[in-house]
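Residue numbers start from 1 in every chain, and the chains themselves are labelled A, B, ... in the order their sequence lines are given, proteins ahead of strands. Only heavy atoms go into these numbers, but all of them, side chains included; no hydrogens, no water, no symmetry mates.
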Amino acid sequence: MRKTLSCDFFDRPTLVVARAMLGKYLVRKYRGKTISLMITEVEAYDGPLDRASHASHGRTPRTKIMFDPAGRFYVYFTYGMHWLVNIVTGPEDYPAAVLIRAGKYYDAEKRELVLVNGPARLTKFLKITGAQNGKIARKKTELWFEYRGVRINRRNIIASKRIGVDYASPIWRNKLCRFYLTT
DNA sequence: CAGACGATTGCCT
DNA sequence: GGCAATCGTCTGT
């Protein structure tokens with residue numbers, strides 16, 4: 001069973017989308033080959049008031065994508081060397097997105113599950129760069145999401161604080177916007 | 001236009 | 001645990 005997720009999937013409250021993304025697949029077509037990961041960890045950045053979000057300082061050349069309609073990728077460059085990928089959520093003009101932090105895949109040769117953890121390692125694995133910024137998630141753009149029949153029990157989702165946002169005020173720094181699957 | 005710093009990673013002690 | 005790498009983005013002058 002393979003069903004491509006439409007923009008509607010992401011046009012819902014950001015925290016709802018974030019949880020729902022666990023167990024879905026991020027699929028990439030690159031140089032004729034298809035690479036995919038089952039998403040295992042995400043973080044939500046929700047709205048103009050979220051002090052941990054890039055959008056908390058308003059619309060800028062970089063963050064304007066976060067104000068776009070749901071279902072586009074927000075890819076940005078950080079620390080002078082890393083790309084990080086988000087999917088924009090919620091209605092137009094409401095800045096929100098879900099950062100994809102980790103995923104896993106089955107290595108048929110080694111016959112083992114391989115975890116790709118860390119948002120920058122994930123983009124490196126899936127060959128995602130600024131070229132994908134602003135693109136809509138669908139097959140045509142060679143980067144999209146699929147539901148492949150994996151059902152996630154709520155009990156297997158852990159909520160925690162987001163990583164690397166200690167610069168934000170306590171309310172936002174401590175908000176439980178990071179979700180990951182138990183192993 | 002200068003300066004600070006980052007939604008990170010990998011290597012070192 | 002500490003810290004360097006490395007440059008785009010944002011802020012304040």
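- Judged as a ring pair (Phe, Tyr, Trp, His ring centres under 6.0 Å), not a single pair has a partner in residues 149-172 of chain A (not counting sequence neighbours).
- With pairs defined as Watson-Crick or G-U wobble and both atom distances under 3.5 Å, the stems of at least three pairs that touch DNA chain B come out as B:1-6 with C:7-12, B:8-12 with C:1-5.
- Hydrophobic cluster membership is shared by A:V85 and A:V98, with clusters built from Ile, Leu, Val, Met, Phe, Trp and Tyr side chains linked at under 4.5 angstrom.
- Screening residues 19-49 of chain A for ring pair (Phe, Tyr, Trp, His ring centres under 6.0 Å), with sequence neighbours left out, gives no hits.
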Heavy atoms under 4.0 Å is the rule here; annotate nucleotides 8-13 of chain C 5' to 3' with B where the base is hit, S where only the sugar-phosphate is, and - elsewhere. SSSS--

Donor-acceptor contacts under 3.5 Å from residues 128-138 of chain A side chains, at least two apart:
| residue | atom | partner | partner atom | Å |
| --- | --- | --- | --- | --- |
| A:T129 | OG1 | A:A131 | N | 3.2 |
| A:Q132 | OE1 | A:T129 | N | 2.8 |
| A:N133 | OD1 | A:V75 | N | 3.0 |
| A:K135 | NZ | A:A131 | O | 3.0 |

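- Classification of A:R162 and A:D50 as a salt-bridged pair holds, one side-chain N sitting under 4.0 Å from a carboxylate O.
- A:T63 places no side-chain N or O within donor-acceptor distance of the main-chain N or O of A:M66, the cut-off being under 3.5 Å.
- Distance check: A:T14 OG1 to A:R19 CZ gives 13.5 Å after rounding to the nearest 0.5 Å.
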Side-chain donor-acceptor contacts of residues 107-119 of chain A below 3.5 Å, not counting sequence neighbours, with atom names and distances?
| residue | atom | partner | partner atom | Å |
| --- | --- | --- | --- | --- |
| A:D107 | OD1 | A:E109 | N | 3.0 |
| A:D107 | OD1 | A:K110 | N | 3.0 |
| A:N117 | OD1 | A:R121 | NH1 | 3.2 |

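- Nucleotides B:dA7 and C:dG1 are separated by 22 Å at their C1' atoms, to the nearest Å.
- Protein chain A touches strand DNA chain B; the 5'-most and 3'-most nucleotides with an atom under 4.0 angstrom of its non-hydrogen atoms are B:dG6 to B:dG10.
- Residues A:A159 and A:L176 approach most closely at CB-CB, 4.2 Å, considering heavy atoms.
- The nearest pair of heavy atoms linking A:R12 to A:T89 is O-CB, 4.3 Å.
- Sorted by first and then second residue, the pairs that involve residues 117-152 of chain A and meet ring pair (Phe, Tyr, Trp, His ring centres under 6.0 Å), not counting sequence neighbours, are A:F10-A:F145, A:F73-A:F145, A:Y105-A:F125.
- When every heavy atom of A:S169 is checked against every heavy atom of A:R51, the shortest pair comes out as OG-CG, 3.7 Å.
- To the nearest 0.5 Å, the span separating CD1 on A:I100 from CD1 on A:I87 amounts to 7.0 Å.
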Atom pairs under 3.5 Å: protein N/O with N/O of nucleotides 1-6 of chain C:
| residue | atom | partner | partner atom | Å |
| --- | --- | --- | --- | --- |
| C:dT6 | O2 | A:Y79 | O | 2.3 |

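- If you check residues 113-122 of chain A against DNA chain B, the residues with a heavy atom closer than 4.0 Å are A:G118, A:P119, A:A120, A:R121, listed by number.
- Using a 4.0 Å heavy-atom distance criterion, A:L84 is classed as a sugar-phosphate-only contact.
- For residues 33-47 of chain A, every residue pair satisfying the salt bridge (Lys or Arg N to Asp or Glu O under 4.0 Å) rule, not counting sequence neighbours, is listed here: A:E41-A:R101, A:E41-A:R178, A:E43-A:R101.
- Applying the ring pair (Phe, Tyr, Trp, His ring centres under 6.0 Å) rule to pairs touching residues 82-103 of chain A yields A:F77-A:W83, sequence neighbours excluded.
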